[in-house]
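In this chain, numbering begins with 1 at the start of the sequence shown. Order of listing sets the numbers, starting from 1, for every ligand and every atom in it.
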Amino acid sequence: MSLRFDDRVAIVTGAGGGLGRTYALELARRGCKVVVNDLGGDGHGSSGTSAMADQVVGEIRGFGGEAVANYDSVENGESIVKTAIDKWGRIDIVINNAGILRDVTFVNMKEIDWDLIFKVHVKGAYAVTKAAWPYMRDQKYGRIVVTSSNSAVYGNFGQVNYSAAKHALIGFSNSLAQEGAKYNILSNALLPTAVSRMSKSVMSDAMASMFLPEHVTPLVLYMVHEKFVDTGKLFEAGAQWYGTVHYYGNKGKVLPEATVEDVRNNWNDIAGMDEIRYLESSKDHMVELMENLNEQKAKM
Ligand code: NAD
C-alpha cells in the first residue's frame, strides 16, 4: 500500500531548491499540503527573492498539488507556521532543511561567519519548531526532521561553525524526541549527502550524477509519515544508500579515588573500544554507571 499524506500539512524550510524542493514536490504528489518556505538568498546568507519558493509552488500546482509559498527567513518561525495555520488550520510536519555555508578556516573565521550559521541552522530550526509545537501537542501528532550533516559527526576542515551548529541540531532533536513522546510527536535527525548549490563545489561531475537529491527524498518522507515510529534517531542517505548512525561508548573503568597516574595506567580500559555498548538515553547511561559502581563496590 502506498504511503500517502492526505489531510496532512507540512512546512519544508529552504524548499526553493536542492533537497528541500524534492521533499516538497514528493510530499505534494502524495497528497500533502505544503508550505514551501524559502527566502531565496544566495548560499552564504545574504540577499533574497521570492522567485525560488514561487517556482516550486508553481510546479506543485502544475500537477494538481496544494502548496503555498512563504518567503520569511527561518528565524521568523511564527510567521512561517502562521502561513500554514491561516491556509489549512493545522501543522503536522516540520522539515527543518534551510541552510547556508560560511566555510572558512578557524583562524580566519569572523564572528559573522559563526553568528549567521547559528542563526539560520540552529535559531531557524528552533523558531519554526517552537511555533509549530503547541499545535502538534494539542492535536497529539507531529513529525519533525532536523537536517544535520556528516560534518557534525566527524568534523570537517573549514567547517568549525557549520559542524558545531549541525551538532547542536542533533541534541535539539534528541531532547525534543523525549519531550514529544507522550504527544505522539516524533523528532529525528538526517545526515544527507546530495549534489546541490551548496555541495556542488566539492563534488566531481561523476559524484554529482550519483548523489541526486531525489535519492534522499524517500527516507525523509518515511521519517515524517504517520506510520513511522522511531524517534530521537539519526538517519543517513546518499547515492541510493540508506542507513543510521549511533553513538557507542565503551565499558570504561571504575577507579575509586583515582589519581592522574591511575588514569594513565588504565588508559586502555578508559579509551579502548574492545567492549562497546549502545545506550538509548542519558537515563540508561546513568543506570549503567551506577551498575558499574555497584559491581566495583561488591568486589572491594
Ligand atoms: P541548497 O543551498 O540547495 O538549499 C538550501 C535552501 O535553503 C536554499 O534554497 C536557500 O535559499 C534556503 N535558505 C537559506 N537560508 C534560509 C533562511 N534563512 N530562511 C529560509 N530559507 C533559507 O542546499 P541543500 O544541499 O539542498 O541543503 C539543504 C540542507 O541539507 C541544509 O541544511 C544543508 O546544510 C544540509 N546538508 C546538505 C548536504 C548535501 O550534501 N547537500 C550535506 C549535509 C547537510
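- Applying the ring pair (Phe, Tyr, Trp, His ring centres under 6.0 Å) test to pairs two or more places apart or on separate chains, none has a residue in residues 131-152.
- Smallest separation of non-hydrogen atoms from Ala69 and Asp54: CB-OD1, 3.7 Å.
- Residue-level proximity to ligand 1 for His121 is carried by the side chain, the only part with a heavy atom below 4.0 angstrom.
- Between Asn97 and ligand 1, a contact under 3.5 Å exists for at least one N or O pair.
- The closest heavy-atom contact to atom 10 (C) of ligand 1, among the options Arg197, Met52, Glu236, comes from Arg197.
- Between Ile100 and ligand 1, no pair of N/O atoms sits closer than 3.5 Å.
- A salt bridge does not link Lys251 to Glu288: none of the charged side-chain nitrogens sits closer than 4.0 Å to a carboxylate oxygen.
- At a threshold of 4.0 Å, the pair Lys233-Asp230 counts as salt-bridged, since one of the basic side-chain nitrogens sits closer than that to a carboxylate oxygen.
- Residue contact annotation: Val74 has a non-hydrogen atom under 4.0 Å from ligand 1.
- The part of Asn37 lying near ligand 1 is the side chain, judged by heavy-atom distances below 4.0 Å.
- Residue Met203 has no N or O atom closer than 3.5 Å to an N or O atom of ligand 1.
- Screening residues 214-225 for side-chain hydrogen bond (donor to acceptor under 3.5 Å, both in side chains) gives Thr22-Thr217 as the qualifying pairs, with residues at least two apart or on separate chains.
- Considering both main-chain and side-chain atoms, Val120 never comes within under 3.5 Å of ligand 1 through any nitrogen or oxygen pair.
- Residue-level proximity to ligand 1 for Ser148 is carried by the backbone, the only part with a heavy atom below 4.0 angstrom.
- Under a hydrophobic-cluster definition in which Ile, Leu, Val, Met, Phe, Trp and Tyr are linked whenever side-chain heavy atoms come within less than 4.5 Å, directly or via other members, Met198 and Val195 are assigned to different clusters.
- Here atom 33 (C) of ligand 1 lies nearest to Met198 when heavy atoms of Lys123, Arg21, Met198 are compared.
- Of the polar atoms of Lys166, at least one N or O is found under 3.5 Å from an N or O of ligand 1, judged by distance alone.
- Counting heavy atoms only, Ala194 comes closest to atom 40 (O) of ligand 1 of the residues Gly40, Ala194, Gly238.
- Here the shortest heavy-atom distance to atom 14 (C) of ligand 1, taken over Gly14, Gly124, Gly99, Pro192, belongs to Gly99.
- Both the backbone and the side chain of Ser73 come within contact range of ligand 1, each with a heavy atom under 4.0 Å.
- Looking at Tyr162 against ligand 1, only its side chain comes within 4.0 Å, counting heavy atoms.
- Contact annotation for Ser196 and ligand 1: only side-chain heavy atoms (C-beta onward) come within less than 4.0 Å of the ligand.
- Among the atoms of Asp38, some N or O lies under 3.5 angstrom from an N or O of ligand 1.
- Asn184 places none of its side-chain heavy atoms less than 4.5 Å from the side chain of Gln139.
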